[in-house]
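Take a look at the structure below.
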Number of protein chains: 2
Amino acid sequence: MNPKNNPPTMQEIAKRLGVSLSTVSRALKNHPRISEKTKQEVLKIAKEIEYEPNQLALSLLNKRINAIGVVVPQIKYHLYASAISGIEKAANEAGFNIMICQTNELFEREVSIVKELIASRVAGLIVSVASESRDFAHLEQVLRKGIPLVLFNRDCEQLKVPKVVIDNYTAAFQATEKLIESGCENIAFLAGPPQVQISNKRLTGYKSALRKHHLQIDYDLIIHCEFSQENAANATLKLLRSRQQPDAILAFSDQMAIGAMLSVKEAGLKIPEDISIIGFNNEPVDLLLEPKLSSVDQPGFEMGQIATQLLLNQLEENYEELNPPKKVLATKLVVRESLRF
Amino acid sequence: MNPKNNPPTMQEIAKRLGVSLSTVSRALKNHPRISEKTKQEVLKIAKEIEYEPNQLALSLLNKRINAIGVVVPQIKYHLYASAISGIEKAANEAGFNIMICQTNELFEREVSIVKELIASRVAGLIVSVASESRDFAHLEQVLRKGIPLVLFNRDCEQLKVPKVVIDNYTAAFQATEKLIESGCENIAFLAGPPQVQISNKRLTGYKSALRKHHLQIDYDLIIHCEFSQENAANATLKLLRSRQQPDAILAFSDQMAIGAMLSVKEAGLKIPEDISIIGFNNEPVDLLLEPKLSSVDQPGFEMGQIATQLLLNQLEENYEELNPPKKVLATKLVVRESLRF
DNA sequence: TTTTTTTGTGCAAAGGATTGCACAAATAAT
DNA sequence: ATTATTTGTGCAATCCTTTGCACAAAAAAA
């Protein structure tokens, strides 16, 4: 009716009906002490003027908004897109909205985003830290303020909070073992930057598998590089020129595996005949590559759901967890054409 | 200091210093009437107790939060991921946060998301409607309430609001013409659902190009199907069995083009020798396909930035646009191996 | 010295909704 | 008829911050 006007308030209803604010409030909440007649009248006018409760005012009362802050490196990574869907589902079911923010792997950005979210009084935070981040004062402050926090995917050992991660050690162990069983002997590992914990966990799993099968660990075959496809492609070129040419590559991510594939093909080598390749993340694109890329599937959606659950637990009245839980989710190696049998 | 406590307020500072609330407020905002001494003291305590202004209270005063609601079908679509980055950048520069929500192409979800965002009192909405949506009462309500709204990518003619779209007609026209110039004569169009306006615009462009070059429009070669890869693959199978086998396919999206590629290969046909293929969106995956997929590149990031700008304009004091602007962005056909020369 | 101006603070309302407490009217119990 | 209970509403404080107005003290001008 009144375009460009202020949104209708309960005041409005109260005035029209000649009752008090409290009565309107109670009528809308179906309070038992309010007469049926009054309730009907209030509801009628509310509908008439398209009244919607002002969440802002409610939030001020509750001292927090009805939303969970989600901080991820990049939403375009398949894993995060899935995780966000999982978070969204679980959060909505519990009546929460989510505020998604991306750090683009930048530490500065992460700090300011977290500050912003705190200032907006989100009910809690679900975070996967930027690869750049090494100082976690901003997250410690979140804890100090008593704001529920859950970390997922990327762990961060100094922070004592609930976490959901995948079993990176076992995942890499199994993938490596699979390569060994299929006859590979010189398995390269294309790792992420050396400060990234999940990369290091995988590296450990990789080494353990080699040891278990009495294979030499050749440090020329372990290469650290930034996450991009391009960096991986360059690193692979180096690998192919190394003293002992690899007959398999285990890459930290599918993006890196793809980079590796490109370089391998460019060098005139055949996948998987000359070199087998396994990636991580099981991105949809894997199915479209030639050969189809084998990959470690991570339960992103589930990870998001669980992370949310852990956060919701903290929001419970009587929560008092002394030893925050750390859920470790299992992965599944998806074998495709890039693997020789 | 006080873990699990309520966040510190200005009250706290005022009490400690024995001054009034207003003085604290003014000191923090560097009001000229406050003495330098008082300012220093206030600032000192503020830092000490880690005071952060409560955005909620501010928002209540301003009658809106410091955030823009962004509603998209799915964040995992490359176009939307880029657009979101563009929106985020522009919004942050203007001091706004963004709240991203995905509809998963569901009408119901879209309606409830929009309701939620309105109730949260976002400063404005940037929306790309779900493919399912045909009724736009929820968006009309946004307008009626005087909340700034911008539509992007997916147009919706009955809504008189600022829009940013790409020139779908010309994009399809040029792509079709390119196919014709490279010698194709039976060009199929793999369209989206018939109610989707941008699909229809592209269809019109496709037809115009055929007409311009005096080619017959063969309605057996125009197929409507849902957006998924699988549906496109099935539709393509049908196409390949049709009376007049196509020698080129223009697909509504890269996902659909990929579906088509799979079916074409499965049928034992060669791309581009037997059939040329062009998609839309220029997704990163295009480069990884064999053959590399040609595609119409859409300026997603830019689209997001412009959409945000149009929204910010509406937030200006004296905004009074009678004829809401519609920005039409140009696309660029990226020619790759899937196209014969 | 008296009047005017400047400087530094405080009071109180506003923004929208919730809720414990109080109170009157209606109903039930004695 | 009197007391006890139930039922329906309203008052006012609360959440946190901003800001126009008022007012006293200090400084400047007359």
Side-chain angles (χ1 to χ4, degrees), chain A residues 5-43 45-46 49-67 95 118-123 145-147, chain B residues 5-43 45-46 49-66 95 116 118-123 145-147:
Chain A
N5 244 15
N6 285 340
T9 69
M10 294 199 322
Q11 291 276 13
E12 194 73 22
I13 304 181
K15 211 176 292 170
R16 289 213 197 186
L17 229 57
V19 297
S20 79
L21 254 184
S22 5
T23 302
V24 175
S25 171
R26 293 193 177 105
L28 289 171
K29 306 199 77 187
N30 202 23
H31 190 285
R33 284 288 187 81
I34 300 293
S35 71
E36 206 48 48
K37 176 166 157 283
T38 310
K39 282 183 191 168
Q40 293 307 326
E41 292 174 336
V42 168
L43 250 38
I45 299 198
I49 65 176
E50 291 188 327
Y51 169 77
E52 298 273 355
N54 187 333
Q55 291 299 332
L56 238 40
L58 292 177
S59 301
L60 184 57
L61 271 179
N62 297 333
K63 299 181 172 194
R64 66 168 199 225
I65 62 175
N66 210 23
I118 294 178
S120 311
R121 300 295 194 267
V122 289
K145 298 207 172 198
I147 300 171
Chain B
N5 244 16
N6 284 340
T9 68
M10 295 198 323
Q11 291 275 14
E12 195 73 23
I13 304 180
K15 210 176 292 170
R16 290 213 195 186
L17 229 59
V19 297
S20 79
L21 257 184
S22 5
T23 302
V24 175
S25 171
R26 292 193 177 105
L28 290 171
K29 307 198 76 184
N30 201 23
H31 189 285
R33 284 287 189 81
I34 300 293
S35 72
E36 206 49 48
K37 177 166 157 283
T38 309
K39 282 183 190 169
Q40 293 306 328
E41 292 174 335
V42 167
L43 249 38
I45 299 197
I49 65 177
E50 291 188 326
Y51 169 77
E52 297 273 356
N54 187 333
Q55 291 298 333
L56 239 40
L58 292 177
S59 301
L60 184 57
L61 273 178
N62 297 332
K63 300 182 171 193
R64 66 168 200 224
I65 62 175
N66 210 23
E116 274 284 354
I118 294 179
S120 310
R121 301 293 194 269
V122 289
K145 298 208 172 197
I147 300 170

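For the numbers below, each heavy atom of this structure counts, side chains included, while hydrogens, waters and symmetry mates do not. So you know, we letter chains A, B, ... as the sequences are listed, proteins then strands, and number each from 1.
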Query raised in the report: Which value, rounded to the nearest 0.5 Å, describes the distance between B:E50 atom CD and A:K145 atom NZ?
Result: 5.5 Å
Return a table of donor-acceptor pairs under 3.5 angstrom between the side chains of residues 55-65 of chain A and protein atoms on other chains or two or more places apart.
{"from": "A:S59", "atom 1": "OG", "to": "A:Q55", "atom 2": "O", "distance (Å)": "2.6"}
{"from": "A:N62", "atom 1": "ND2", "to": "A:L58", "atom 2": "O", "distance (Å)": "3.3"}

Query raised in the report: Given axes from five pairs at either end, by how many degrees does the helix from C:dT1-D:dA30 to C:dA26-D:dT5 bend, rounded to 10°?
Result: 60°
Report task. Starting from the 5' end of DNA chain C, give me the residue, B:A57 or B:E36, whose nearest nucleotide shows up first. Result -> B:E36
**Report entry** Interface limits on DNA chain D, where chain A has a heavy atom under 4.0 Å of a nucleotide atom
**Finding:** D:dT7 to D:dC16
Query - Those residues of residues 58-66 of chain B lying under 4.0 Å from DNA chain D by at least one heavy atom - result: B:L58, B:L61
Sort me out a list of protein N/O and nucleotides 24-27 of chain C N/O pairs below 3.5 Å, or just none if empty.
none

Show every donor-acceptor pair shorter than 3.5 Å between a side-chain atom in residues 8-24 of chain A and any protein atom, with sequence neighbours excluded, or say none if there are none.
{"from": "A:T9", "atom 1": "OG1", "to": "A:Q11", "atom 2": "N", "distance (Å)": "3.2"}
{"from": "A:T9", "atom 1": "OG1", "to": "A:E12", "atom 2": "N", "distance (Å)": "3.4"}
{"from": "A:S20", "atom 1": "OG", "to": "A:S22", "atom 2": "N", "distance (Å)": "3.4"}
{"from": "A:S20", "atom 1": "OG", "to": "A:S22", "atom 2": "OG", "distance (Å)": "3.2"}
{"from": "A:S20", "atom 1": "OG", "to": "A:T23", "atom 2": "N", "distance (Å)": "3.3"}
{"from": "A:S20", "atom 1": "OG", "to": "A:T23", "atom 2": "OG1", "distance (Å)": "3.2"}

Query raised in the report: Which of residues 19-35 of chain B have a heavy atom under 4.0 Å from DNA chain D?
Result: B:L21, B:S22, B:S25, B:R26, B:K29
Query raised in the report: Whole Å only: how far is the CE atom of A:M10 from the C1' atom of C:dT18?
Result: 8 Å
Requested in this report: Starting from P on C:dG15, measure out to CZ on B:R121 and report it in whole angstrom.
Outcome: 14 Å
Report summary line: Contacts satisfying salt bridge (charged side-chain N to carboxylate O under 4.0 Å, His left out) that involve residues 20-29 of chain B (not counting sequence neighbours) are none
